[in-house]
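A quick write-up on the structure given underneath.
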Amino acid sequence: MKSATHSNKPSGLKASARYQAMETLNLVYKGEAFVNQEVNQVLSHSWVVDSDRDLYTRLVYGSLQFHWTLQELLKQVLKRYKRTKKWLLALLESSAYQHYYLDAIPDHAIVDEAVRIAKKRGNQTLGRFTNGTLRNLFRTYPTIEDFISQQASDQAYVLSLETSLPLDWVKYFTQRFGFETTQQIAQAMAEPAQVNVRISRDYWQNQDKISQILADQGFPNQSSDLAPHQLKVKAGNPAQSELFKKGIITIQDEAASLAVDILNPKAGDWVLDACAAPGGKTVQLGEYVGKTGQVLAFDIAENKLALIADNVKRMHVDQQVSIQQGDASQLGRKFPAESFDGILVDAPCSGVGLFRRKPDTKLNKDFQDLKNLQKIQLEILNNVSPLLKKAGRLVYSTCTITAEENWQVVEKFLTTHPDFALKAIGAEWQEVLKPSLINAACLEILPHHFNSDGFFVALLEKQS
Ligand SMILES: C[S@@+](CC[C@H](N)C(=O)[O-])C[C@H]1O[C@@H](n2cnc3c(N)ncnc32)[C@H](O)[C@@H]1O
């Protein structure tokens with residue numbers, strides 16, 4: 001993935017929120033950049049003027065979050081939608097986002113600025129085209145409700161427009177969960193993503209004090225409904241707090257943190273973290289095994305290993321963690337059989353459970369990918385499972401809610417590995433799990449259950 005590069009720092013109109021938002025969205029729509037990386041790049045190099053930073057971020061994430069609905073709207077007024085240049089679509093979409101989803105920006109400001117950008121990036125003709133298209137759109141559909149109410153009454157399509165969940169995903173979820181649950185999933189996925197912090201295991205006793213300190217320092221928070229040692233932060237970026245810098249808290253979604261809680265390794269254990277970057281769960285594993293244990297953190301992506309190293313150092317578990325680049329589907333050859341007390345396979349997946357946190361993952365989803373991912377997930381499991389000691393535990397987890405990557409992987413793995421069994425999540429986990437989650441065969445957390453990311457955890461035990 002490349003990123004927009006500038007030989008000179010942009011200035012004037014090019015350094016405005018709307019111009020840079022158009023450039024970022026253009027790269028993301030073309031599949032040439034990941035949104036989080038691109039936004040970080042633009043902000044860290046100050047390619048957008050200071051006073052416009054918040055608006056820039058809002059325009060990028062907001063346009064992406066409502067991309068599906070905005071695209072359907074624009075198709076009504078653009079006869080040649082498919083042949084329109086991507087940067088121009090990005091400009092029209094982010095302008096429509098301001099009109100339909102943001103209050104307090106008058107239409108003339110939205111249109112005038114868009115026309116100036118179209119002239120600068122393109123030419124006079126595209127400036128006039130932008131003017132005509134936006135004025136026509138806003139006149140035809142004054143509000144988003146006007147647009148939705150004029151569509152055919154197909155309930156799946158209406159839900160997709162209301163929540164901006166692409167229609168193919170609405171249909172997929174409806175087939176899997178029924179329409180009522182799909183409505184709840186889609187609505188939860190349309191909510192803004194939450195920021196959660198996990199308290200380091202060494203500080204579990206001081207949870208109330210930590211919550212108070214955070215609140216006093218401008219990070220109001222409340223306890224998580226899902227993970228007992230997590231706090232939901234209601235305002236501010238807790239990565240800038242002293243507690244974060246000191247390694248007392250870390251940022252991690254509450255559902256994601258349950259994978260390690262469920263593996264529940266003991267002090268002194270040797271644990272393999274087969275797909276470790278950026279290291280959120282490696283840190284947790286390091287806390288569980290303590291200084292007498294060892295966590296071997298592998299990841300195929302060389303460029304992500306530094307993120308694991310930074311995380312384990314900041315959270316003071318670097319002594320018990322070693323980091324290596326490696327393909328988990330080849331690790332079987334790297335170690336003798338039965339080397340590890342526990343294994344975590346937090347597998348590469350479609351990331352469907354993270355739609356609201358990473359709205360660009362909603363774009364261009366090819367359902368055939370799910371089968372390809374299943375193949376990789378099974379290859380990793382097949383390869384690392386001989387490395388587990390007898391009576392050892394393996395957790396398979398994903399941040400997705402598709403059957404192909406979750407239940408089907410577990411079922412296929414168990415069919416070919418009679419020495420493994422699915423272990424129900426029982427009384428052992430009372431301290432770390434809410435009572436409603438105890439006694440599940442696997443955990444499948446849907447986004448509306450706890451207003452969290454969607455997540456899946458299966459605990460597999462090797463026979464003794
Ligand atoms: C869901 S992320 C892991 C998140 C991580 N466990 C955490 O909690 O921060 C999946 C990771 O798998 C890695 N990956 C993909 N294919 C892999 C392979 N064949 N072997 C090892 N790692 C792989 C990706 O680079 C990615 O970092």
Side-chain angles (χ1 to χ4, degrees), residues 1 34 36-37 196-198 200-201 227 230 239 249-263 265 271-288 295-315 317-318 321-335 340 342-355 357-358 361 369-370 372-385 387 394-402 405-406 409 443 445 452-458:
M1 290 274 176
F34 292 119
N36 294 356
Q37 283 168 8
N196 301 289
V197 297
R198 185 181 63 77
S200 160
R201 215 159 182 257
Q230 288 250 2
I249 60 169
T250 192
I251 295 176
Q252 190 175 30
D253 184 72
E254 45 195 343
S257 71
L258 297 179
V260 174
D261 291 332
I262 287 171
L263 185 63
V271 178
L272 171 67
D273 186 0
C275 305
K281 297 180 195 69
T282 313
V283 167
Q284 249 181 309
L285 290 168
E287 292 170 15
Y288 269 88
V295 180
L296 292 173
F298 280 87
D299 202 280
I300 198 165
E302 181 93 49
N303 61 346
K304 294 193 200 163
L305 300 186
L307 297 172
I308 310 178
D310 289 349
N311 265 324
V312 297
K313 191 153 192 287
R314 183 178 55 79
M315 295 298 288
V317 291
D318 44 330
V321 173
S322 43
I323 302 165
Q324 282 185 41
Q325 191 274 337
D327 180 349
S329 63
Q330 307 288 323
L331 284 186
R333 299 191 203 130
K334 219 171 163 122
F335 299 98
F340 295 97
I343 296 180
L344 173 65
V345 175
D346 189 34
C349 71
S350 59
V352 172
L354 305 184
F355 271 175
R357 196 173 296 283
K358 297 183 177 171
T361 49
D369 284 352
L370 302 179
N372 297 339
L373 283 162
Q374 182 185 88
K375 197 162 161 266
I376 295 169
Q377 291 151 349
L378 278 167
E379 266 170 23
I380 294 176
L381 279 176
N382 290 339
N383 224 274
V384 300
S385 53
L387 303 181
L394 184 157
V395 158
Y396 172 72
S397 57
T398 67
C399 52
T400 187
I401 56 173
T402 70
E405 301 170 274
N406 292 346
V409 168
L443 283 194
I445 310 234
S452 67
D453 292 343
F455 209 79
F456 177 81
V457 185

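All values reported here derive from a predicted model rather than from experimental measurement. Every number for a ligand or one of its atoms is a count from 1 in the order of the listing.
Arg198 and Asp253 are not joined by a salt bridge, as no carboxylate oxygen comes within less than 4.0 angstrom of a charged side-chain nitrogen.
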Pairs under 3.5 Å, N/O atoms on ligand 1 and on the protein: can you put them in a table with the distances?
residue: ligand 1; atom: 6 (N); partner: Cys275; partner atom: O; Å: 3.1
residue: ligand 1; atom: 6 (N); partner: Asp346; partner atom: OD2; Å: 2.7
residue: ligand 1; atom: 8 (O); partner: Lys281; partner atom: N; Å: 3.2
residue: ligand 1; atom: 8 (O); partner: Lys281; partner atom: NZ; Å: 2.8
residue: ligand 1; atom: 9 (O); partner: Pro278; partner atom: N; Å: 3.4
residue: ligand 1; atom: 9 (O); partner: Gly279; partner atom: N; Å: 3.2
residue: ligand 1; atom: 9 (O); partner: Gly280; partner atom: N; Å: 2.9
residue: ligand 1; atom: 19 (N); partner: Asp327; partner atom: OD1; Å: 2.8
residue: ligand 1; atom: 20 (N); partner: Ala328; partner atom: N; Å: 2.7
residue: ligand 1; atom: 22 (N); partner: Ile300; partner atom: N; Å: 3.2
residue: ligand 1; atom: 25 (O); partner: Asp299; partner atom: OD1; Å: 2.7
residue: ligand 1; atom: 25 (O); partner: Lys304; partner atom: NZ; Å: 3.1
residue: ligand 1; atom: 27 (O); partner: Ala277; partner atom: O; Å: 3.1
residue: ligand 1; atom: 27 (O); partner: Asp299; partner atom: OD2; Å: 2.8
residue: ligand 1; atom: 27 (O); partner: Lys304; partner atom: NZ; Å: 3.1

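Side-chain atoms of Gln230 and Ser257 form a donor-acceptor pair, as typed in the model, at a separation below 3.5 Å. For the residue pair Thr398 and Asn406, a side-chain donor N or O sits within less than 3.5 Å of a side-chain acceptor on the partner. If you check the side chains of Ser329 and Asn383, you find no donor sitting under 3.5 Å from an acceptor. A donor atom on one side chain and an acceptor atom on the other are found under 3.5 Å apart for Asp261 and Tyr288.
A distance-only check finds a donor-acceptor pair linking the side chain of Asn311 to the backbone of Pro278 [under 3.5 Å].
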